[in-house]
Amino acid sequence: MSREDAPKSFNRRGFLEWIIAACSAITAAAMVVPGLLYLWPAAKGGKAEDVEVKGGENLKPGEHSTVQVRGKAVIVRRDPGGLAAYSAVCTHLGCLVKWDAGKEQFLCPCHAAVFNARGQVVSGPAPAPLPEYKVKDVGGKVYVST
Ligand code: FES
């Protein structure tokens, strides 16, 4: 019986091939699974949900607050006409914008993007407006809809 004719059920070559395949599968899973977990909320679209703004009941007309809504920075303002909420993340490279109540503009400190009170780009390198969030006052409590 030659070596070629030996049963292939469990020889050294078969064992090494099995180990290499197992290590390759584990390595591939270690690279793919975190990426899928990162994309999962976006892929399923997320469930719209109202998130209470802590301290929102204390916002007086003309005041604003930057809050975290499901891990995203959002600027909530109480304008004379009602509540408004916009993403605080600049659409250029992701710096946090600040609300300048005197100018009634969002200003990005990184590359000087300027957005108007409705989040539209006024000047600077930002390629898109600030995303707007739905916001409501229910019995004095402020909720942002995600
Ligand atoms: S990150 Fe805001 S202007 Fe560049």
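Counting begins at 1 with the first residue of the sequence. Atom set for the values below is all heavy atoms of this structure, side chains included, hydrogens, waters and symmetry mates excluded. Atoms within a ligand are numbered from 1 in the order they appear, just like the ligands themselves.
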Does D79 reach the main-chain N or O of G81 with its side chain, forming a donor-acceptor pair under 3.5 Å?
no
Just by modelled atom types, is the W99 backbone N or O under 3.5 Å from a matching donor or acceptor in the R77 side chain?
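Flag not set: sc R77 to bb W99 has no pair under 3.5 Å.
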To the nearest 0.5 Å, tell me how far K141 NZ sits from K54 NZ.
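Taking NZ in K141 and NZ in K54, the distance rounds to 9.0 Å.
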Any protein N, O or S atom under 2.8 Å from atom 4 (Fe) of ligand 1? Found H92 ND1, H111 ND1
Kindly indicate, with the supporting measurements, whether the criterion side chain to side chain contact (heavy atoms under 4.5 Å, CB included) is fulfilled by Y133 and S87.
CA-CA 7 Å; Y133 286 82; S87 170; 3.9 Å; yes
Could you tell me which residues satisfy salt bridge (charged side-chain N to carboxylate O under 4.0 Å, His left out) with K136, sequence neighbours excluded, listed by chain and number?
D50
Would C108 and C90 count as a disulfide pair, i.e. SG atoms separated by less than 2.5 Å?
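In this structure, C108 and C90 share no disulfide.
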